[in-house]
Enquirer: 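One structure coming up, written as structure tokens, with questions to follow.
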Amino acid sequence: MCGRIVARVLKKAWTKGGRIVIPPMFRPSYNIAPTQGIVVFRAGEREWDASIMRWGLVPSWWKDAAELPGQTFNARAETVAEKPTFRAAFKRRRCLIPCDGFYEWKATGAKAKQPYFIHPADPEGIFHFAGLWELWETADGAMESCTIITTEPNTLMAGIHNRMPVILAPEAHEEWLDPGVQGGERLARLLLPCDAVEMAAYKVGPVKGDGENLIKRII
DNA sequence: CCAGACGTTGTT
DNA sequence: GTCTGG
DNA sequence: CCAGACGTTGTT
DNA sequence: GTCTGG
């Protein structure tokens, strides 16, 4: 479905002066920000279902369409089962968010930050973040949104930041996605920092100041 | 039993 | 969706 | 050898 | 990147 739309867009672009111009929404992103759409895998009828959802979970009961919750792009593993915003999704709507790496900014001074790019140690590897998704319905329509669960840092991440996304090993994927799996303890066992040997990091930059122009530099 | 509240975390 | 307070 | 093409499908 | 047609 999505693929067909992309193909149509490409056809239009190709016939337009012979130059390939990919619309912004289909360009690969090197730096996704909260509120943008990200790819989400969830349990489908037979196989995983891949969707694009808003990064920043909106609870099903959210009323104020003019102002969506602003800080729900991450959920803390330690509290996700209890927080009103996340607990319903934690029970039945868990997902995986694929990612080939992410940036983390290490505070190196009062206002100085040093960004790092963290990626799978295996060059062929893909991270699968543990996430939650939610359906939010209004009179005007519906939206699916998601969040990424964070936990304590492993030894690699500890040198960079005080939190890290929960990265699930392939063996844990099915259990995490299975809505039949209930019980906080069994799920909590999965929400731990992954082994540092699965990750590698390198400095991006160096960049001083608030990192405003970092994005341009990365791209 | 029902009405009403319930926000969350640390990216960019 | 789920919990709390009245 | 080089220029130019190269996309997919039949639903919501 | 790779295949096809001229």
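Every chain is numbered from 1 and lettered A, B, ... according to where its sequence line falls, protein lines coming before strand lines. The analysis underlying the following values was restricted to heavy atoms, covering all of them including side chains, and did not include hydrogens, waters or symmetry mates.
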Enquirer: Distance from A/K83 atom NZ to A/L132 atom CG, nearest 0.5 Å?
Expert: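 These two atoms lie 14.0 Å from each other.
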Enquirer: Quick one: is B/dG10 close enough that its OP1 or OP2 comes under 4.0 Å of any side-chain N or O from A/R163?
Expert: yes
Enquirer: Could you check whether A/F102 gets within reach of a base, just the sugar-phosphate, or nothing at all, counting any heavy atom under 4.0 Å?
Expert: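 Since no nucleic acid heavy atom lies under 4.0 Å of A/F102, the category is nothing.
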Enquirer: Just by distance, do the side chain of A/T108 and the backbone of A/A112 share a donor-acceptor pair under 3.5 Å?
Expert: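 Answer holds: yes.
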Enquirer: Hey, does the Lys NZ or Arg CZ of A/R42 hover above the aromatic six-ring of A/W133, less than 6.0 Å from the centre and inside 45° of the axis?
Expert: yes
Enquirer: Nearest to the A/K83 side chain among B/dT8, B/dT12, B/dC6, which nucleotide is it?
Expert: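 Closest nucleotide to the A/K83 side chain: B/dT8.
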Enquirer: Who is the Watson-Crick or G-U wobble partner of E/dT2, with both distances under 3.5 Å?
Expert: D/dA5
Enquirer: Would you please confirm or rule out a distance under 4.0 Å between OP1 or OP2 of C/dT2 and any side-chain N or O of A/K91?
Expert: yes
Enquirer: Could you tell me how far apart A/I160 (CD1) and B/dG10 (C1') are, to the nearest whole angstrom?
Expert: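 A/I160 atom CD1 is separated from B/dG10 atom C1' by 16 Å.
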Enquirer: How far does the C1' atom of B/dG10 sit from the matching atom of C/dT2, given to the nearest Å?
Expert: 27 Å
Enquirer: In whole angstrom, what separates A/W55's CH2 from B/dT12's P?
Expert: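 Result: 5 Å.
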Enquirer: Please determine, for the side chain of A/T72, which listed nucleotide (B/dT12, B/dT11, B/dT8) has the closest atom?
Expert: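 Nearest listed nucleotide: B/dT8.
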Enquirer: From the list B/dT12, B/dT11, C/dT2, which nucleotide is the closest neighbour of the side chain of A/W105?
Expert: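 Of the options given, the side chain of A/W105 lies nearest B/dT12.
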Enquirer: For a quick test of reading the model: is some side-chain N or O of A/T85 closer than 4.0 Å to OP1 or OP2 of B/dT8?
Expert: yes
Enquirer: Are the ring of A/W61 and the base ring of B/dC6 both nearer than 5.5 Å at their centres and tilted by less than 30°?
Expert: yes
Enquirer: Which whole-number value in Å describes the distance from A/R87 CZ to B/dG7 C1'?
Expert: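 It is 11 Å, rounded to the nearest whole Å.
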Enquirer: Starting at atom CG of A/L68, determine the distance to atom C1' of B/dG7, rounded to an integer number of angstrom.
Expert: 12 Å
Enquirer: Is A/R76 near enough to B/dG10 that one of its side-chain N or O atoms lies under 4.0 angstrom from OP1 or OP2?
Expert: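 Answer is yes, contact under 4.0 Å.
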Enquirer: Just the rounded figure in Å: distance from C1' of C/dC3 to CZ of A/F86.
Expert: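 In whole Å, C/dC3 C1' and A/F86 CZ are 17 Å from each other.
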Enquirer: Which listed nucleotide (B/dG10, B/dT8, B/dT12) is nearest to the side chain of A/N31?
Expert: B/dT12
Enquirer: Select base, sugar-phosphate, or nothing to describe what A/L57 touches, counting heavy atoms under 4.0 Å on all strands.
Expert: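 Contact class for A/L57: none.
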Enquirer: OP1, OP2 of B/dT8 versus side-chain N and O of A/T79: anything below 4.0 Å?
Expert: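 Checking B/dT8 against A/T79, no side-chain N or O comes under 4.0 Å of OP1 or OP2.
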Enquirer: Select base, sugar-phosphate, or nothing to describe what A/A75 touches, counting heavy atoms under 4.0 Å on all strands.
Expert: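 The answer is sugar-phosphate, as A/A75 gets under 4.0 Å only of primed atoms, P, OP1 or OP2.
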Enquirer: Under 4.0 Å between any heavy atoms, over every strand shown, what does A/I148 touch: base, sugar-phosphate, or nothing? Just pick one.
Expert: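 A/I148: no heavy atom of the nucleic acid under 4.0 Å.
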Enquirer: Reckon A/E134 touches a base, only the sugar-phosphate, or nothing at all at heavy-atom distances under 4.0 Å?
Expert: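 No contact.
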Enquirer: Main chain of A/W62, side chain of A/W136: is a donor-acceptor contact present, judged purely on distance under 3.5 Å?
Expert: yes
Enquirer: In this structure, how many angstroms lie between the P atom of B/dT12 and the CD1 atom of A/I118, rounded?
Expert: 10 Å
Enquirer: Considering the options A/W55, A/F41, A/F129, which one meets the side-chain contact (heavy atoms from CB on, under 4.5 Å) requirement together with A/I97?
Expert: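 Among the candidates, only A/F129 passes.
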Enquirer: In whole angstrom, what separates A/W133's CH2 from C/dG1's P?
Expert: 11 Å
Enquirer: A/H161 side chain: which of B/dG10, B/dT8, B/dT12 is closest?
Expert: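 Selected nucleotide (nearest to the side chain): B/dG10.
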Enquirer: Could you state the CE-C1' distance from A/M164 to B/dG10, rounded to the nearest angstrom?
Expert: 16 Å
Enquirer: Kindly say whether the aromatic ring centers of A/F102 and A/H119 come within a distance under 6.0 Å.
Expert: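 They do not qualify: ring centres at least 6.0 Å apart.
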Enquirer: Sort out for me which residue in A/T151, A/T150, A/N74 forms a side-chain hydrogen bond (donor to acceptor under 3.5 Å, both in side chains) with A/R163.
Expert: A/T150
Enquirer: Considering only side-chain heavy atoms of A/A88, which listed nucleotide, C/dT2, B/dT12, B/dG10, is closest?
Expert: C/dT2
